[in-house]
Amino acid sequence: QVQLVESGGGLVQAGDSLRLSCAASGRTFNTYVMGWFRQAPGKEREFVAAISRAAFNRYYTDSVKGRFTISRDNAKNTVYLQMNKLKPEDTAVYYCAARSRSTIDTTSTGYDYWGQGTQVTVSS
């Protein structure tokens with residue numbers, strides 16, 4: 001069982017940066033693939049980024065490539081999402097998720113544990 005707690009969301013202007021953090025409980029954090037998803041009002045939850053267990057592989061949705069960076073610190077049981085050059089269309093609730101299997105998955109059904117989400121609002 002893993003409990004995930006996101007933090008770092010807020011209200012920013014277009015072009016600004018934010019760093020989201022997701023702290024995980026438990027001693028087996030390095031056995032999980034970690035992902036970030038987001039959900040805007042009236043829209044389905046969508047994949048943003050994922051990182052493999054030892055951070056060798058990272059994957060991003062096209063709309064955030066070159067602007068967002070996912071990273072993890074297994075010693076601190078934490079995964080991060082550095083978001084630069086934010087746009088109004090990045091506005092959403094951002095969720096951290098953990099996947100027990102070793103392969104990266106871009107679908108929400110592939111993840112076993114979820115955080116409660118943190119709101120990111122980007123004004124124009």
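With sequence neighbours excluded, the residues satisfying ring-ring contact (aromatic ring centres under 6.0 Å, His included) with Tyr111 are Phe37. Contacts of Val120 classified as side chain to side chain contact (heavy atoms under 4.5 Å, CB included), with partners at least two apart in sequence or in another chain: Leu18, Leu20, Met83, Tyr94, Val122.
To the nearest 0.5 Å, the span separating CZ on Arg38 from OG1 on Thr118 amounts to 14.0 Å. Once rounded to the nearest 0.5 Å, the distance linking OG of Ser124 with CD of Gln13 reads 9.0 Å. To the nearest 0.5 angstrom, Tyr32 atom OH is 12.5 Å from Arg99 atom CZ.
Every pair passing side-chain hydrogen bond (donor to acceptor under 3.5 Å, both in side chains) that includes a residue from residues 68-78 is listed here, sequence neighbours excluded: Arg72-Asn74.
No continuous path of ILVMFWY side-chain contacts below 4.5 Å connects Phe68 to Tyr59, so the two sit in separate hydrophobic clusters. Note on Val93 and Val64: separate hydrophobic clusters, where clusters join Ile, Leu, Val, Met, Phe, Trp and Tyr whose side-chain heavy atoms are under 4.5 Å apart, directly or indirectly. Both Val48 and Leu4 are assigned to one and the same hydrophobic cluster, defined by single-linkage of ILVMFWY side chains at heavy-atom distances under 4.5 Å. Follow the hydrophobic side-chain contacts under 4.5 Å out from Tyr80 and you never reach Met34; the two are in separate clusters. In the hydrophobic clustering of ILVMFWY residues, with side-chain heavy atoms under 4.5 Å counting as a link, Leu81 and Ile104 come out apart.
Formation of a donor-acceptor pair under 3.5 Å by the Arg19 side chain with backbone atoms of Gln82 is not found in this model. Proximity of a side-chain donor or acceptor of Glu6 to a complementary backbone N or O of Gln116 within less than 3.5 Å is detected. In this structure, Thr106 contributes its side chain and Phe47 its backbone to no donor-acceptor pair below 3.5 Å. Side-chain atoms of Arg67 come within 3.5 Å of backbone atoms of Lys85 as a donor-acceptor pair (strictly under, hydrogens ignored).
Within a 6.0 Å sphere centred on NZ of Lys43, other residues, nucleotides and ligands contribute 12 heavy atoms or fewer. For Gln119, the CD atom sits in a packed shell: over 12 heavy atoms of surrounding residues, nucleotides or ligands are nearer than 6.0 Å.
Counting only heavy atoms from C-beta outward, the side chains of Ile51 and Arg58 approach each other to under 4.5 Å.
Of all the heavy atoms in Val2 and Ala24, the pair that sits closest is CG1-CB, 4.0 Å.
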* Tell me, with the steps shown, if Trp114 and Cys96 meet side-chain contact (heavy atoms from CB on, under 4.5 Å). => CA-CA 6 Å; Trp114 292 84; Cys96 170; over 6 Å; no

* CA sep, side-chain torsions, deciding dist, call: Asp112, Arg101, side-chain contact (heavy atoms from CB on, under 4.5 Å) -> CA-CA 9 Å; Asp112 304 292; Arg101 284 151 284 182; 3.9 Å; yes

* Given Val79 and Phe29, is the side-chain contact (heavy atoms from CB on, under 4.5 Å) satisfied, shown in steps? -> CA-CA 10 Å; Val79 62; Phe29 178 72; 4.3 Å; yes

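Salt bridge annotation for Asp90-Lys87: absent, with no cationic side-chain nitrogen under 4.0 angstrom from a carboxylate oxygen.
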